[in-house]
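Notes for the one structure printed next.
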Amino acid sequence: MNQKTLVLIKPDGLVKSLTGNILMRLSESKLEIVAAKILRVNKELAEEHYKHMEDKPFFKELIRYIQGELHGRRKVMAMVYWGEDALTKVRELAGSTNPEEADVTSIRGSFGRITTKGIYENVLHTSSDAKEAEREIKLWFEPDEIIVDLYPTKTVSMETQKKRVWA
Ligand code: CMP
């Protein structure tokens, strides 16, 4: 089945210069990247992305982690992978959320660690299921930033909205 999934290379992945390595590992899936960008994650986006984890004791640290405050690298690389069994394939290549439990040949098993404060620094995030993928992709990307139509869209006029353009 054709699926889509959000992949985030987290600040620890970027600070360890793992981008090329992670992309190479994910390319084994033969999936297509249909959207990609580097962005700074503000608190609002971080809290919305992890809102289902707000009761966890590590929530505050998790928000600081995805914002890059633990690594002095305030950026994340966000991508959408698309194709046959995308969710399963990317999750398998990524390995378990807990890097100590992840298969040692997986991305998290190879490059992740658990911090002294107990946060799983697992270098990348991948969507857990189709419902989460839809919520996350819509949170991180505008429809026009994705080169295929993944979900229904509508056109609205926003005359009052200001936009920065090239001078
Ligand atoms: P991610 O795939 O981004 O989804 C939620 C994140 O919370 C996860 O990766 C880890 O970085 C972190 N996380 C999940 N479970 C735990 C846990 N039990 N202890 C510490 N950090 C966790």
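The basis for the numbers below is simple: all heavy atoms, side chains too, and nothing from hydrogens, waters or symmetry mates. We count ligands from 1, going down the list as the structure has it; atoms in each ligand are counted the same way.
Using bins of under 30°, 30° to 60° and over 60° for the plane-to-plane angle, the ring pair Tyr50/His125 lands in the perpendicular bin.
Contacts with ligand 1 closer than 4.0 Å are made by side-chain heavy atoms of Thr97 only, the backbone lying farther away. The parts of Tyr120 lying near ligand 1 are both backbone and side chain, judged by heavy-atom distances below 4.0 Å. By the criterion of a heavy-atom distance under 4.0 Å, the side chain of Met53, and not its backbone, is placed next to ligand 1.
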Exercise for the section: Under the side chain to side chain contact (heavy atoms under 4.5 Å, CB included) rule, what do Val123 and Ile107 come out as? Steps first, then yes or no, please. Expected result: CA-CA 8 Å; Val123 304; Ile107 299 169; 3.9 Å; yes
Practice task
Starting from the C-alpha separation in whole Å, work towards a yes-or-no answer on salt bridge (Lys or Arg N to Asp or Glu O under 4.0 Å) for Lys89 and Glu92.
Solution key: CA-CA 5 Å; Lys89 283 180 181 163; Glu92 264 177 33; over 6 Å; no
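When only non-hydrogen protein atoms are considered, atom 1 (P) of ligand 1 lies nearest to His125 ND1, 3.3 Å. Looking at atom 20 (C) of ligand 1, its nearest protein heavy atom turns out to be Gly118 O, 2.9 Å. In this structure, atom 3 (O) of ligand 1 lies nearest to the protein heavy atom Tyr50 OH, 2.5 Å.
Heavy-atom neighbours of Lys43 NZ from other residues, nucleotides or ligands within 6.0 Å: at or below the threshold of 12.
Ligand-side atoms of ligand 1 in range of Arg108: 2 (O), range being under 4.0 angstrom from any heavy atom. For ligand 1, the atoms sitting less than 4.0 Å from at least one non-hydrogen atom of Asn122 are 8 (C), 9 (O), 10 (C), 11 (O), numbered in the order shown with element in parentheses. Under a 4.0 Å criterion applied to the non-hydrogen atoms of Tyr65, ligand 1 contributes the atoms 11 (O). Heavy-atom proximity to Lys10, at under 4.0 Å, picks out these atoms of ligand 1: 1 (P), 3 (O), 8 (C), 9 (O), 11 (O).
Ionic pairing of Glu48 and Lys51 is present here: one or more N-O contacts between side-chain nitrogen and carboxylate oxygen are shorter than 4.0 angstrom. A salt bridge does not link Glu134 with Lys131: every distance from a Lys NZ or Arg NE/NH1/NH2 to an Asp or Glu carboxylate oxygen is 4.0 Å or more.
Cation-pi contact between Lys10 and Tyr65: absent, since separation from the ring centre below 6.0 Å together with deviation from the ring axis within 45° is not met. A cation-pi geometry, defined here as NZ or CZ lying under 6.0 Å from the six-membered ring centre and within 45° of its normal, holds between Lys138 and Tyr151.
A heavy-atom separation below 4.0 Å is not found between Glu121 and ligand 1.
The residue from Thr126, Leu62, Asn98 that puts a heavy atom closest to atom 12 (C) of ligand 1 is Leu62.
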